[in-house]
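Encoded as structure tokens, the structure appears first; notes follow it.
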Amino acid sequence: QVQLVESGGGLVQTGDSVRLSCTASGRTLVRDAVGWFRQAPGQEREFVAVVRSGGTTYYADSVKGRSTISRDNVKDTVYLQMNNMKSEDTAVYYCAAASTRIGGFDVFSNRRTYEYWGQGIQVTVSS
């Protein structure tokens with residue numbers, strides 16, 4: 001059974017930074033594209049960022065320039081570093097893994113591409 005687990009969320013202040021981590025059991029993430037999505041109350045789950053198996057990254061416009069997604073293949077962990085947090089970043093953040101290696105931004109920003117999902121972790125930005 002594959003399980004993805006997110007960690008690193010919590011309550012932060014506006015302007016702070018947060019680093020989220022995604023690990024897996026039952027599957028190695030090394031060959032997968034691993035993405036982060038988020039869902040705010042009453043809204044649809046939206047794409048945040050993805051790192052493909054070869055290292056290519058894509059970001060949503062809302063976080064581009066203040067976020068970095070990276071992977072440590074030794075630790076089999078994917079990180080999402082977000083800086084200058086804003087109130088609109090408040091959401092439940094999910095990591096997800098996809099085995100496909102074909103496609104570009106349109107494919108990897110689509111939540112339907114992903115086969116495995118974590119349970120999500122709350123990030124709340126308070127002013």
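Numbers here are sequence positions counted from 1. In this text the structure is predicted, and so the values were computed from the model without any measurement.
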Problem set entry | disulfide (SG to SG under 2.5 Å) pairs, two or more places apart, involving residues 16-113 | Cys22-Cys95
Exercise. Who pairs with Glu46 by salt bridge (Lys or Arg N to Asp or Glu O under 4.0 Å), at least two apart in sequence or on another chain?
Worked result: Arg38
Problem set entry | Check: Asp72 side chain, Thr77 main-chain N or O, donor-acceptor pair, under 3.5 Å | no
Seminar exercise, completed: Sequence neighbours excluded, the answer for side chain to side chain donor-acceptor pair (under 3.5 Å) partners of Arg111 is none
Exercise. Ignoring hydrogens and geometry, is there a side-chain-to-backbone donor-acceptor pair from Thr124 to Leu11 under 3.5 Å?
Worked result: no
Exercise. Regarding Arg45 and the six-membered ring of Tyr94, is the cationic atom NZ or CZ under 6.0 Å from the ring centre and inside 45° of its axis?
Worked result: yes
Exercise. Does the distance from a Lys or Arg side-chain N to an Asp or Glu carboxylate O, for Arg52 and Asp32, drop under 4.0 Å?
Worked result: no
For this session: Report yes or no: do Glu88 and Thr90 form a side-chain donor-acceptor pair below 3.5 Å?
Result: no
For this session: With sequence neighbours excluded, give me every ring pair (Phe, Tyr, Trp, His ring centres under 6.0 Å) pair touching residues 8-45.
Result: Phe37-Phe47, Phe37-Tyr114, Phe37-Trp117
Exercise. Taking only residues two or more places apart in sequence, or in another chain, which ones meet Asn83 in a side chain to side chain donor-acceptor pair (under 3.5 Å)?
Worked result: Ser17, Gln81
Exercise. Which residue pairs pass the ring pair (Phe, Tyr, Trp, His ring centres under 6.0 Å) test when at least one of the two sits in residues 54-75, sequence neighbours left out?
Worked result: Tyr58-Phe105
Problem set entry | Separation between CD of Gln119 and CG of Leu4, rounded to the nearest 0.5 Å | 10.0 Å
